[in-house]
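For clarity, every value in this text was computed on a predicted model and none was experimentally measured. The basis for the numbers below is simple: all heavy atoms, side chains too, and nothing from hydrogens, waters or symmetry mates.
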2 protein chains.
Amino acid sequence: MVYNHPKLHVAVDCVIFGYEEGELKLLLWPRDIEPESGKWSLMGGFVQESESVENAAMRVLQRTTGLKDVYMEQVAAFSEVGRDPGARVISIAFAALIRVDKYDKELVHQSGALWWPVNKLPELIFDHGEIIAGGFRTLQSRASNELIGKELLPDKFTLMQLRLLYEAIFQRPFDPGNFRKKVLSLGVLERLNIKNTTESKKGAYYYKFNGQDEVAYNDRIFKIH
Amino acid sequence: MVYNHPKLHVAVDCVIFGYEEGELKLLLWPRDIEPESGKWSLMGGFVQESESVENAAMRVLQRTTGLKDVYMEQVAAFSEVGRDPGARVISIAFAALIRVDKYDKELVHQSGALWWPVNKLPELIFDHGEIIAGGFRTLQSRASNELIGKELLPDKFTLMQLRLLYEAIFQRPFDPGNFRKKVLSLGVLERLNIKNTTESKKGAYYYKFNGQDEVAYNDRIFKIH
DNA sequence: CCAAAAGTGTTGCTTGTACACCCATGT
DNA sequence: ACATGGGTGTACAAGCAACACTTTTGG
């Protein structure tokens, strides 16, 4: 059956978060064509006839970073008529969390992409600022409902590193003692018998996420100061 | 500029919630064409060249219920390739809350639509069951982050009516005393000097939402049993 | 020795939960 | 009189916030 109805360009845009040097960053590409040449943009791509928007987002992510099997979450559809002055394009935004020690740096570097700290973003094209804000809310929401870090930190990490990640995500400090107690009480971390001695004199135990992926979180977990 | 990329049918589907007789219901239409004739469906419509998806959803809602200026929230995009066997259609789902005392009953009745209790739904076409589940989660999420009822209850209502609404939304009982204290502590309700004497012997004060629409909710508000 | 992070403990406060209890009134 | 919902109060538990304090070790 053929529907006699308008067809539209549908794109996906990926808000790609990474964590590096104590800062939450996101990956942006310089735009080299008019209009708005010189500004920065999210990486996107058009949805094809034979794929879901989730597939399209994965495809875009793999094409640009070399990564597959990455955690992604749908943010929202952005569809104001004039959002892209060049053409009518509806965009479905996705938030992706990637580990900066794993992406294909060669590939990313070639394309001119750079990591930008979330609180020091450059000028962005179209409504990409709004899309990023949405992706950031999605990330915060996820981080308060379950313990994230597996997607952003190295395999083994100290509780300080995890805390700094959360401080970057929520842009506010957490009390070290309370953070430690809360996080450990969730029972999703396993202490290793190795210590990190580079970031403190005393040395801090490394932790890792213990396999049992799905713990039933009853409620919002982060109300820590 | 013309983009040399695929164009797709983009639809909106509205999950329309109403509250009546102590039950949370949603409005469904019988499908009278093959395939899946006889099953029920959400009301939807195609997004036009010159409108945002939000506009399209509003338009669909107004066309089917006569209502405008209704609270709506985007749920998510549903885009599996085979979701509509007739054609490739991406659907953006919206959740709408309407007051059953305000919609155009004539219009709705003509179209054959019926209100179905959320826990006794008929067979649904395509992935509309999944879409409804998403809309329901969106509703619950909103109801736990702020006090809803303005959109679903009459202008004046008793605290019992409000509680029954919340019990319908969360499908579990709330303690009457605790519910009352929590709700009143939010400071968004104003007590009227009228009593409802039809639903209890003693009579219960009517309340209404006081104008100041936006109260800053710091945290999830409903953790009441 | 001092600074800085690691790690543990304590205390007070807020908030939810589970009740008990009295009130008002229509039947 | 009694059942029913209206409305208030209380006692307990859980969880968070704030902060004190001890440990360890590199500089």
Side-chain angles (χ1 to χ4, degrees), chain A residues 21-22 143-147 153 156-168 170 172-208 215-225, chain B residues 21-22 143-147 153 156-168 170 172-208 215-225:
Chain A
E21 297 163 9
S144 48
N145 288 319
E146 63 185 286
L147 192 63
L153 294 172
K156 57 181 196 294
F157 50 86
T158 65
L159 292 183
M160 186 192 186
Q161 290 168 336
L162 182 60
R163 176 167 56 83
L164 291 176
L165 169 61
Y166 264 82
E167 294 184 346
F170 289 100
R172 67 180 173 91
F174 288 88
D175 180 279
N178 294 337
F179 184 86
R180 152 184 298 275
K181 274 175 288 186
K182 176 71 187 186
V183 156
L184 292 179
S185 78
L186 298 173
V188 298
L189 297 184
E190 186 179 328
R191 198 180 79 179
L192 306 176
N193 279 322
I194 323 164
K195 282 198 169 192
N196 170 320
T197 50
T198 64
E199 299 186 359
S200 77
K201 329 278 182 165
K202 185 178 175 184
Y205 280 108
Y206 277 118
Y207 286 79
K208 66 164 185 161
V215 181
Y217 293 103
N218 299 326
D219 221 310
R220 187 172 296 201
I221 61 171
F222 274 97
K223 284 189 53 172
I224 280 185
H225 176 249
Chain B
E21 297 163 8
S144 49
N145 288 319
E146 62 184 287
L147 192 62
L153 294 172
K156 55 181 199 294
F157 49 87
T158 65
L159 292 183
M160 187 192 184
Q161 290 168 336
L162 182 60
R163 177 168 54 84
L164 291 177
L165 168 62
Y166 264 81
E167 294 183 346
F170 290 100
R172 67 179 172 93
F174 289 88
D175 179 278
N178 295 337
F179 184 86
R180 151 183 299 276
K181 275 175 289 186
K182 176 73 187 187
V183 157
L184 292 179
S185 78
L186 298 173
V188 298
L189 296 184
E190 186 180 328
R191 198 180 81 180
L192 306 176
N193 279 324
I194 324 164
K195 283 199 168 192
N196 169 321
T197 51
T198 65
E199 299 187 357
S200 77
K201 328 277 179 165
K202 183 177 175 182
Y205 281 108
Y206 277 118
Y207 286 79
K208 65 163 185 160
V215 182
Y217 295 104
N218 298 327
D219 221 309
R220 188 174 295 201
I221 62 170
F222 273 98
K223 285 188 55 173
I224 281 185
H225 178 248

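With rounding to the nearest 0.5 angstrom, the CG atom of A/Leu164 is 11.0 Å from the CG atom of A/Leu159. A distance of 7.5 Å separates CG of A/Asp175 from NZ of A/Lys181, quoted to the nearest 0.5 Å.
In terms of phosphate contacts, B/Arg180 brings a side-chain nitrogen or oxygen within less than 4.0 Å of OP1 or OP2 of D/dT8. A close approach under 4.0 Å does occur between a side-chain nitrogen or oxygen of A/Lys182 and OP1 or OP2 of D/dC16.
Remark: A/Phe157 pairs with A/Phe209 by the ring-ring contact (aromatic ring centres under 6.0 Å, His included) rule, at least two apart or across chains. Under the salt bridge (Lys or Arg N to Asp or Glu O under 4.0 Å) criterion, B/Glu167 pairs with B/Arg163, not counting sequence neighbours.
Atom P of nucleotide C/dC22 and atom NZ of B/Lys201 are separated by 21 Å, given to the nearest angstrom. Rounded to an integer number of Å, the gap from CE of A/Met160 to P of D/dT24 is 19 Å. Atom CD of B/Glu199 is separated from atom P of D/dG6 by 8 Å (rounded to the nearest Å). If you take CD of B/Gln161 and C1' of D/dG6, they are 13 Å apart, rounded to a whole angstrom. Atom CG in A/Leu192 sits about 16 Å away from atom C1' in C/dA6, given to the nearest Å. Rounded to an integer number of Å, the gap from B/Phe174 CZ to D/dG6 P is 16 Å. If you take CG of A/Leu162 and P of C/dA6, they are 12 Å apart, rounded to a whole angstrom. With rounding to whole Å, A/Phe179 atom CZ is found 18 Å from D/dG15 atom P.
Nearest to the side-chain atoms of A/Asn178 among the listed nucleotides D/dC19, D/dG6, C/dT17 stands D/dC19. The nucleotide whose nearest atom lies closest to any side-chain atom of A/Ala204 is, among C/dA6, D/dG6, C/dT17, C/dA6.
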Protein N or O to nucleotides 11-13 of chain D N or O, pairs below 3.5 Å:
none

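By the 4.5 Å heavy-atom criterion applied to side chains, A/Thr158 and A/Tyr207 are not counted as neighbours. Taking the side chain as every heavy atom from C-beta outward, A/Val188 and A/Glu146 never approach each other to under 4.5 Å.
Between A/Phe170 and A/Tyr166, the ring-plane angle classifies as parallel under the 30° and 60° cut-offs.
Between the side chain of A/Lys202 and the base of C/dA6 there is at least one donor-acceptor pair of N/O atoms closer than 3.5 Å.
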